[in-house]
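After the structure tokens below, expect a handful of questions from me.
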Amino acid sequence: MRFYDDYYAGDITLIGYFAMVAALRGHGFGSVALQLMRQRLPQQRLALEIEVLDLAAANYAQRLRRRNFYQRNGYRLTDIEYRAYGVPFVVMLSGADIGAREYHAFYDPLIQS
């Protein structure tokens, strides 16, 4: 059973979904999984999207934990914001930078299909 989805185009890989079984959270397995992805795709620019931090959001604490988790695992915030399915997201990256125009050229076809 997979707990992540990824999408490739050139040297960009989008981790479209990443989850850990609740009983396994807090034991380092998520960090190991991200490290294995990085090892498997060493030349790729890995991107993922998280919900924008919004103090008024009902799940603000969860959003903050998610952002901190990815930062601890080598991902950095970008200034690329995106709205998908009515939800505002911000892109985080591991690897070389991706500009907003390049990211949109990669991502727009994914959500239009």
| What distance separates Leu41 CG from Ile12 CD1, expressed to the nearest 0.5 Å? |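 If I round to the nearest 0.5 Å, the distance is 13.0 Å.
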
| Fellow cluster residues of Val32, listed by chain then number, with links counted only when side-chain atoms sit under 4.5 Å apart |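 Val32 shares its hydrophobic cluster with Leu36.
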
| request: With sequence neighbours left out, write down each residue that passes salt bridge (Lys or Arg N to Asp or Glu O under 4.0 Å) with Asp54, or none if nothing qualifies. | output: none

| Under a single-linkage definition using a 4.5 Å side-chain heavy-atom cutoff for Ile, Leu, Val, Met, Phe, Trp and Tyr, are Val91 and Tyr7 assigned to the same hydrophobic cluster? | yes

| In Å, rounded to the nearest 0.5 Å, how long is the span from CG of Leu14 to OH of Tyr8? |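 OH of Tyr8 is found 11.0 Å from CG of Leu14.
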
| message | Test: salt bridge (Lys or Arg N to Asp or Glu O under 4.0 Å). Region: residues 10-32. Which pairs qualify, not counting sequence neighbours? | response |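 Listed once each, the pairs are Asp11-Arg45.
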
| task | Can you run down the side chain to side chain donor-acceptor pair (under 3.5 Å) pairs that involve residues 28-39, sequence neighbours left out, and say none if there aren't any? | result | Ser31-Asn73, Arg38-Ser94

| query | Which pairs with one or both residues in residues 53-72 pass ring-ring contact (aromatic ring centres under 6.0 Å, His included), sequence neighbours excluded? | reply | Tyr70-Tyr75

| message | According to side chain to side chain contact (heavy atoms under 4.5 Å, CB included), who are the partners of Glu51, at least two apart in sequence or on a separate chain? | response |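 Here the qualifying residues are Asn59, Arg63, Arg66, Val87, Phe89.
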
| What pairs with Thr78 under side chain to side chain donor-acceptor pair (under 3.5 Å), at least two apart in sequence or on another chain? |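 Thr78 satisfies side chain to side chain donor-acceptor pair (under 3.5 Å) with no other residue.
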
| field | Flag side-chain contact, heavy atom, 4.5 Å: Ile50 against Leu77 | value |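 In short, these two side chains touch, coming nearer than 4.5 Å.
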
| query | Which residue pairs satisfy the salt bridge (Lys or Arg N to Asp or Glu O under 4.0 Å) criterion with at least one member in residues 86-96, sequence neighbours excluded? | reply | none

| task | Hey, could you give me each pair passing salt bridge (Lys or Arg N to Asp or Glu O under 4.0 Å) that has a residue in residues 67-83? Not counting sequence neighbours. | result | Arg76-Asp97

| Does Ala100 have any side chain to side chain contact (heavy atoms under 4.5 Å, CB included) partners at least two apart in sequence or in another chain, and if so, which? | Ile80, His104

| message | Between Phe18 and Leu64, is there shared hydrophobic-cluster membership here, with clusters defined by ILVMFWY side-chain heavy atoms closer than 4.5 Å? | response |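 No, it is not one cluster - the side chains of Phe18 and Leu64 are not joined through contacts under 4.5 Å.
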
| message | Run the side chain to side chain donor-acceptor pair (under 3.5 Å) test against Gln44 and tell me which residues pass, sequence neighbours left out. | response | Thr13

| note | CE (Met20) and CG (Leu34) are apart, to the nearest 0.5 Å, by 8.0 Å

| query | So Tyr107 and Tyr103, would you call those rings parallel, tilted or perpendicular, with 30° and 60° as cut-offs? | reply | parallel

